Amino acid sequence: AWDMETCGRWCVARTMFETDRLPDGVAERCNAMDEVWVPSRFNLETYAKAGVRESKLRLVPPGVDTRLFCPHAIHLPIPRTRGYNFLSVFDWQQRKGYDVLLLAYLREFDPGEDVALILKVSQSSNSLTDVQAEIAWFVERKAGLRLDKAPPVILINGTIPQREMPRLYAAADCFVLPTRGEGYGRPFLEALSCQIPVIATGWGGQMDFLNKESCY
């Protein structure tokens with residue numbers, strides 16, 4: 001994705017990475033730029049440790065449109081929701097910790113409790129996976145439960161227009177994402193802007209704005 005042939009008077013790379021190491025070659029490509037914009041202090045430290053010159057690094061935090069992501073949206077109607085609904089929004093990949101999330105949920109709740117887990121997933125990194133089949137396999141093989149003996153998992157797979165996303169958050173009582181690494185964690189920002197309680201991993205780019213007062 002690094003086009004090193006096109007250049008102007010001033011070349012800026014806007015980039016991020018989700019772990020505390022960089023792949024081989026990234027630091028060299030960054031040092032060929034005039035500036036390198038990263039979204040979090042976590043990335044500032046990672047890129048500097050990897051050899052990107054600090055004189056080139058700039059912290060350019062992202063944000064959310066709080067006129068759109070606000071606590072007054074009309075909730076999106078979702079079949080099979082219950083009295084208390086957890087929501088997670090992520091791309092279906094191991095880095096997002098969906099295995100940790102599913103196992104914790106399936107161990108904590110039983111089908112008789114008034115609770116559901118909504119998974120809003122995309123598949124930009126793994127378009128061929130049958131997510132519904134993987135969830136069923138996980139319930140039966142990893143959690144050791146029959147599907148009819150498990151608390152409900154509601155799958156929403158695909159794109160929801162940006163203007164509808166606040167309504168999705170409004171349909172939930174809590175946002176949860178046990179991610180293994182984030183550049184900055186946009187869904188956390190969106191959920192907080194909608195005043196939804198957040199359960200998050202205490203490590204990564206999201207720690208620029210998450211703390212013990214704002215989330216679990």
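Predicted model, so just to flag it, every value in this text is computed and none were measured. Note: hydrogens, waters and symmetry copies are ignored here, and every other heavy atom, side chains too, is used. Along the sequence shown, the residues carry numbers beginning at 1.
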Say whether [X] and [Y] are linked into one hydrophobic cluster, either directly or through other cluster members, by side-chain heavy-atom distances under 4.5 angstrom.
{"X": "Val52", "Y": "Met16", "value": "no"}
{"X": "Val38", "Y": "Tyr184", "value": "no"}
{"X": "Val131", "Y": "Ile154", "value": "yes"}
{"X": "Leu101", "Y": "Phe138", "value": "yes"}
{"X": "Phe17", "Y": "Phe42", "value": "no"}

Flag the pair [X] / [Y] as yes when at least one side-chain heavy-atom distance between them is below 4.5 Å, and no otherwise.
{"X": "Trp203", "Y": "Asp20", "result": "yes"}
{"X": "Cys70", "Y": "Gln195", "result": "no"}
{"X": "Thr46", "Y": "Thr19", "result": "no"}
{"X": "Tyr169", "Y": "Pro187", "result": "yes"}

Ignoring hydrogens, what is the shortest heavy-atom contact between [X] and [Y]? Give both atom names and the distance.
{"X": "Cys30", "Y": "Tyr47", "value": "SG-CE2, 3.8 Å"}
{"X": "Gly97", "Y": "Pro178", "value": "O-CG, 3.4 Å"}
{"X": "Gly83", "Y": "Asp173", "value": "O-OD2, 3.6 Å"}
{"X": "Ala171", "Y": "Ile78", "value": "CB-CD1, 3.9 Å"}
{"X": "Leu22", "Y": "Ala50", "value": "CD1-CB, 3.5 Å"}
{"X": "Leu189", "Y": "Pro62", "value": "CD1-O, 4.4 Å"}

Legend entry - Phe188/Leu210 under side-chain contact (heavy atoms from CB on, under 4.5 Å): CA gap, chis, key distance, verdict: CA-CA 8 Å; Phe188 294 127; Leu210 295 185; 4.2 Å; yes

Inset, instruction - Could you check Val89 against Leu177 for side-chain contact (heavy atoms from CB on, under 4.5 Å), going step by step and ending with a plain yes or no? - result: CA-CA 7 Å; Val89 178; Leu177 183 61; over 6 Å; no

Legend entry - Step-by-step side chain to side chain donor-acceptor pair (under 3.5 Å) determination, Asn126 to Gln93: CA-CA 7 Å; Asn126 196 348; Gln93 53 179 292; over 6 Å; no

Out of curiosity, [X] [atom1] to [Y] [atom2], how far, rounded to the nearest 0.5 Å?
{"X": "Asp91", "Y": "Lys96", "atom1": "CG", "atom2": "NZ", "value": "7.0 Å"}
{"X": "Leu117", "Y": "Leu87", "atom1": "CG", "atom2": "CG", "value": "8.5 Å"}
{"X": "Asp130", "Y": "Trp92", "atom1": "CG", "atom2": "CH2", "value": "10.0 Å"}
{"X": "Lys49", "Y": "Arg21", "atom1": "NZ", "atom2": "CZ", "value": "7.5 Å"}
{"X": "Phe175", "Y": "Ile196", "atom1": "CZ", "atom2": "CD1", "value": "10.5 Å"}
{"X": "Phe86", "Y": "Phe109", "atom1": "CZ", "atom2": "CZ", "value": "4.0 Å"}

Inset, instruction - In sequence, state the C-alpha distance, the side-chain angles, and the governing distance for Thr201 and Arg180, and then conclude on side-chain contact (heavy atoms from CB on, under 4.5 Å). - result: CA-CA 7 Å; Thr201 307; Arg180 292 182 167 93; over 6 Å; no

Return yes when atom [atom1] of [X] has more than 12 non-hydrogen atoms of other residues, nucleotides or ligands closer than 6.0 Å, and no otherwise.
{"X": "Gln132", "atom1": "CD", "result": "no"}
{"X": "Asp114", "atom1": "CG", "result": "yes"}
{"X": "Tyr216", "atom1": "OH", "result": "no"}

Under 3.5 Å donor-acceptor, [X] side chain and [Y] backbone:
{"X": "Asp99", "Y": "Gln94", "answer": "no"}
{"X": "Glu54", "Y": "Ala48", "answer": "no"}
{"X": "Tyr105", "Y": "Pro152", "answer": "yes"}
{"X": "Lys120", "Y": "Gly158", "answer": "yes"}
{"X": "Ser88", "Y": "Leu119", "answer": "no"}

Legend entry - Pair Glu190 + Arg186: basic N to acidic O under 4.0 Å: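 Salt bridge between Glu190 and Arg186, a charged N being under 4.0 Å from a carboxylate O: yes.
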
Inset, instruction - For Leu145, check side-chain contact (heavy atoms from CB on, under 4.5 Å) against everything at least two apart and list the hits. - result: Leu106, Val139, Ala143, Ala150

Legend entry - Within residues 57-82 or reaching into it, pairs that qualify as side-chain hydrogen bond (donor to acceptor under 3.5 Å, both in side chains) - sequence neighbours excluded: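 Found Asp65-Arg67.
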
Legend entry - Linked hydrophobic residues, Val60 as query - side chain contacts closer than 4.5 Å: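 Its cluster partners, ordered by chain and number, are Trp10, Val12, Trp37.
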
Inset, instruction - Under the side-chain contact (heavy atoms from CB on, under 4.5 Å) rule, what do Leu168 and Ile156 come out as? Steps first, then yes or no, please. - result: CA-CA 10 Å; Leu168 175 64; Ile156 303 173; 4.1 Å; yes

